[in-house]
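A short write-up of the structure that comes next.
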Number of protein chains: 2
Amino acid sequence: MVEPQADIARIESLPLRLVVADMLRTGIVEGRLRPGTPIVEAALAEQLNVSRAPVREAIQILEADGLIDNLPYKGKRVKPLTAKSVEEIYSIREQFEAFAVRRIIESGADVSPLSEHVSAMFAAADAADLVALIAADAAFHRTLIRLADHGLLLTLWDHLALRIRQIMALRNRANADLRQVAANHPPIVEALTARDLDRVLSLVSQHSRSASEIDLKWLEVAP
Amino acid sequence: MVEPQADIARIESLPLRLVVADMLRTGIVEGRLRPGTPIVEAALAEQLNVSRAPVREAIQILEADGLIDNLPYKGKRVKPLTAKSVEEIYSIREQFEAFAVRRIIESGADVSPLSEHVSAMFAAADAADLVALIAADAAFHRTLIRLADHGLLLTLWDHLALRIRQIMALRNRANADLRQVAANHPPIVEALTARDLDRVLSLVSQHSRSASEIDLKWLEVAP
DNA sequence: TGCGCATCGATTGTCGACTGTATACAAGCA
DNA sequence: TGCTTGTATACAGTCGACAATCGATGCGCA
């Protein structure tokens with residue numbers, strides 16, 4: 001159940017379903033709505049002072065994103081996270097990034113946009129600001145994908161990134177070495193700049209796999 | 001617009017939105033609803049003798065599948081196919097299949113389930129049955145993905161396969177050499193059986209790229 | 001003539017009420 | 001006792017009506 005909340009803000013007069021979807025999505029990927037939490041249309045509608053229709057549609061959007069499970073006529077819930085699904089998510093991520101860097105190096109795209117995100121990560125690490133670090137990390141990787149100039153890939157990535165954010169929000173944050181996280185990225189930029197495909201691929205692959213291992217470890221204690 | 005149709009069959013008492021979604025999906029991937037065709041909720045609802053709610057939800061499902069475009073308050077339509085989107089779809093397909101075969105060879109999974117689909121393809125080619133050939137081809141590739149034992153990959157594949165089917169349905173069918181299509185597949189099975197990763201990768205990649213080229217060629221004359 | 005502006009039609013967006021389905025639990029029966 | 005059968009409840013699913021939005025059309029006016 002989502003915490004009690006006042007009336008819904010209709011920013012920019014977006015359709016309500018999108019506002020509601022965003023609210024739920026944020027709650028899920030930030031870990032406030034944990035896997036398994038029941039999502040009940042009527043309850044949500046009442047809390048947000050809207051009818052069930054837009055709530056229902058919002059839930060269906062998140063269903064398509066793979067964040068919510070639908071058990072027909074029984075109920076919906078935040079999709080449970082299993083070790084296997086975490087492994088699958090990270091292994092696909094590895095493929096996507098590998099594909100992206102191959103395209104980037106082939107096309108000779110300018111990789112300088114990555115640098116500012118690296119700086120942001122170090123700044124966040126120095127300030128011990130985990131939220132900012134996660135945001136900068138996400139921005140770095142999304143930019144990497146964007147440089148591949150592949151619309152479908154970017155769409156698929158955005159879906160995947162949601163689930164990765166969810167996983168990261170769920171793991172025990174106290175144990176992360178923030179500067180280490182930031183330090184993982186400059187070598188990728190360097191290797192990209194040097195057009196050293198093999199080295200980039202190896203770094204990216206290692207990056208995904210170590211993240212996967214960390215998450216699997218922490219999900220054991222907090223499933 | 002979908003052709004006039006009597007009352008909707010509520011097979012197995014599935015929720016209406018799923019029945020409607022299936023109907024629309026089939027129409028799109030079989031090419032009866034061509035890219036750009038407007039999809040109007042009210043009209044569909046009347047044709048199918050249901051209310052707008054399930055129709056609306058069905059449309060949203062296909063929106064998530066990437067088959068339908070939504071221009072808010074203006075209308076929805078079958079998403080137009082551009083050369084770039086075709087290229088993107090096939091290039092992602094290539095990545096997925098490459099990933100799948102790497103996993104298959106690593107895990108040593110039994111690839112014999114592929115053989116029956118190859119047989120089916122040759123039978124269809126001999127009978128000059130294009131529909132059966134396309135079905136067998138789709139089954140072959142889906143099985144290949146399934147053998148990788150990766151749930152998320154299979155989900156992503158199924159979405160992609162829809163759009164590939166749509167593209168294939170839209171291209172001029174008279175010009176295909178059916179036996180040639182079938183003949184492309186046995187070498188893949190052989191190389192898989194021999195665990196020859198490099199050769200499989202090369203074959204699979206070639207397979208995707210030639211399909212992409214053919215489709216791009218035919219989409220020029222019928223966009 | 002040409003330009004702003006009310007109006008209208010088409011289409012999606014939202015609502016509240018009704019209906020269908022599944023589960024659990026209690027009541028009836030062999 | 002153990003099985004079936006009813007019944008209550010908590011949901012999702014569907015419906016018909018109404019509201020909001022956008023684009024086009026046509027009208028008045030300089």
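Note that this is a predicted model, so its numbers are computed, not measured. The basis for the numbers below is simple: all heavy atoms, side chains too, and nothing from hydrogens, waters or symmetry mates.
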For the pair made of CG in B:L71 and P in C:dT12, what is the distance, rounded to whole Å?
10 Å

Rounded to whole Å, how long is the line connecting atom CD of B:E57 with atom C1' of C:dT14?
13 Å

Select from A:A53 and A:P72 the residue whose nearest nucleotide in DNA chain C is closer to the 5' end of that strand.
A:A53

For the pair made of CG in B:L16 and P in C:dT19, what is the distance, rounded to whole Å?
16 Å

Phosphate OP1/OP2 of D:dC15: any B:S51 side-chain N/O under 4.0 Å
yes

Between B:K76 and C:dG13, is there a contact of a side-chain N or O with OP1 or OP2 at under 4.0 Å?
yes

At under 4.0 Å between heavy atoms, what does A:I39 touch on the DNA or RNA strands: base, sugar-phosphate, or nothing?
sugar-phosphate

Test side chain to side chain contact (heavy atoms under 4.5 Å, CB included) on B:L216 and B:Y90 and set out the steps.
CA-CA 11 Å; B:L216 284 173; B:Y90 276 107; over 6 Å; no

Write down the distance between CG (B:N70) and P (C:dT12), rounded to a whole number of angstrom.
8 Å

In terms of the nearest nucleotide of DNA chain C, which residue is placed more toward the 5' end: B:R56 or A:K74?
B:R56

Does the distance from a Lys or Arg side-chain N to an Asp or Glu carboxylate O, for A:R142 and A:D158, drop under 4.0 Å?
yes

Let me know the distance between CZ of B:R52 and C1' of C:dG16, rounded to the nearest Å.
15 Å

Counting the atoms with a prime plus P, OP1 and OP2 as sugar-phosphate, which does A:I59 contact under 4.0 Å by heavy atoms, base, sugar-phosphate, or nothing?
nothing

Length of the line joining A:E41:CD and C:dG16:P, which is rounded to integer Å
15 Å

How close or far is atom P of C:dG20 from atom CZ of B:R17, stated in whole angstroms?
17 Å

Does the side chain of B:H185 pick up a donor-acceptor pair with the side chain of B:H207 at under 3.5 Å?
yes

Of A:I61, A:L62, A:L33, which is the lone residue that meets side chain to side chain contact (heavy atoms under 4.5 Å, CB included) with A:I68?
A:L62

Rounded distance in Å - CG (B:L48) to C1' (D:dG16):
17 Å

B:L152 side chain near B:L156 side chain, heavy-atom distance below 4.5 Å:
yes

